[in-house]
Amino acid sequence: QVQLVESGGGSVQAGGSLRLSCAASGYAYSRTCMGWFRQIPGKEREGVGQIDTGVGNTYYADSVKDRFTISQDNAKNTVYLQMNNLKPEDTATYYCAARLDHCYTLHKFFFIYWGQGTQVTVSS
């Protein structure tokens with residue numbers, strides 16, 4: 001059974017940092033695309049970034065570029081989202097997702113598997 005489990009969410013002051021983790025199991029993690037998305041209630045789920053697991057190439061939405069960094073531990077089938085200089089507008093539920101192909105468009109429609117989400121709240 002495929003499982004994607006996020007952890008590491010919480011509350012932080014603006015300017016602070018958090019690191020989210022996504023542990024994957026039940027499928028071949030290598031040579032896939034792992035994505036991070038976020039959703040604010042009443043708004044569309046939007047892409048944050050993604051990583052080609054086989055080669056480690058990363059891609060980011062402009063809104064988080066230079067503040068967020070995606071990395072991975074292949075031995076653990078785990079992807080991380082390091083979030084620095086957090087802003088109130090980063091407040092959302094964050095989800096990890098997977099597609100069984102290389103990374104292409106960062107859009108929710110192209111990802112097959114999803115985690116349960118973890119809440120991030122940034123106060124001003």
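What you see is a predicted model; the values in this text were computed from it and never measured.
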Query raised in the report: Below 4.5 Å, heavy atoms only, C-beta onward: do R67 and K87 meet side chain to side chain?
Result: yes

Report task. Show the numbers, then the answer: is there a side-chain contact (heavy atoms from CB on, under 4.5 Å) between L81 and V79? Result -> CA-CA 7 Å; L81 179 65; V79 64; over 6 Å; no

Requested in this report: Compare every heavy atom of V120 with every heavy atom of G9, then report the nearest pair and how far apart it is.
Outcome: CA-CG2, 4.3 Å

Report summary line: In this structure, OG of S63 is separated from CD of E89 (nearest 0.5 Å) by 9.0 Å

**Report entry** Set of residues satisfying side chain to side chain donor-acceptor pair (under 3.5 Å) with respect to S25, sequence neighbours excluded
**Finding:** none

**Report entry** 4.5 Å side-chain heavy-atom contact, Q1 and Q3
**Finding:** yes

**Report entry** Residues F111, Q50; criterion side-chain contact (heavy atoms from CB on, under 4.5 Å); working and verdict
**Finding:** CA-CA 11 Å; F111 289 78; Q50 57 189 347; 3.3 Å; yes

Query raised in the report: Is there a donor-acceptor pair closer than 3.5 Å between any side-chain N or O of T53 and the backbone N or O of R31?
Result: yes

Query raised in the report: By side chain to side chain donor-acceptor pair (under 3.5 Å), which residues pair with Y29, not counting sequence neighbours?
Result: Q72

Pair up each side-chain donor or acceptor in residues 33-49 with any protein partner under 3.5 Å, not counting sequence neighbours, and list the distances.
{"residue": "R38", "atom": "NE", "partner": "E46", "partner atom": "OE2", "Å": "2.8"}
{"residue": "R38", "atom": "NH1", "partner": "D90", "partner atom": "OD1", "Å": "2.9"}
{"residue": "R38", "atom": "NH1", "partner": "Y94", "partner atom": "OH", "Å": "3.0"}
{"residue": "R38", "atom": "NH2", "partner": "E46", "partner atom": "OE2", "Å": "3.4"}
{"residue": "Q39", "atom": "OE1", "partner": "R45", "partner atom": "NE", "Å": "3.1"}
{"residue": "Q39", "atom": "OE1", "partner": "R45", "partner atom": "NH2", "Å": "3.1"}
{"residue": "Q39", "atom": "NE2", "partner": "K43", "partner atom": "O", "Å": "3.1"}
{"residue": "E44", "atom": "OE1", "partner": "K108", "partner atom": "NZ", "Å": "2.8"}

Query raised in the report: When hydrophobic residues are tied together by side-chain contacts of less than 4.5 Å, even through go-betweens, does L4 share a cluster with F110?
Result: no

Query raised in the report: Partners of N57 by side chain to side chain donor-acceptor pair (under 3.5 Å), sequence neighbours excluded?
Result: none

Query raised in the report: Shortest non-hydrogen contact from Y95 to Q116?
Result: CE2-O, 3.6 Å

Query raised in the report: Using a distance-only test with no angle check, is there a side-chain donor-acceptor pair under 3.5 angstrom linking N84 and S17?
Result: yes

Query raised in the report: Y59: what forms a side chain to side chain donor-acceptor pair (under 3.5 Å) with it, not counting sequence neighbours?
Result: D52

Query raised in the report: What are the two closest non-hydrogen atoms of S124 and P88, and how far apart are they?
Result: CB-CG, 3.9 Å

Query raised in the report: Is there a side-chain contact between L20 and T118 (heavy atoms, below 4.5 Å)?
Result: yes

Requested in this report: Identify whether M83 and I70 are in the same connected component of the hydrophobic contact network (ILVMFWY, side-chain heavy atoms under 4.5 Å).
Outcome: yes

Report task. Nearest 0.5 Å please: distance from the CG atom of N77 over to the SG atom of C22. Result -> 10.0 Å

Query raised in the report: In terms of hydrophobic clustering (I, L, V, M, F, W, Y; side-chain heavy atoms under 4.5 Å; direct or indirect links), are I112 and V2 co-clustered?
Result: yes

Query raised in the report: Linking I/L/V/M/F/W/Y whenever any side-chain heavy atoms sit under 4.5 Å apart, do Y60 and V122 land together?
Result: yes

Requested in this report: Provide the full list of ring pair (Phe, Tyr, Trp, His ring centres under 6.0 Å) pairs with a residue in residues 63-82, sequence neighbours left out, each pair given once.
Outcome: none

Query raised in the report: Can D101 and T32 be said to form a side-chain contact (heavy atoms from CB on, under 4.5 Å), step by step?
Result: CA-CA 5 Å; D101 199 356; T32 63; over 6 Å; no

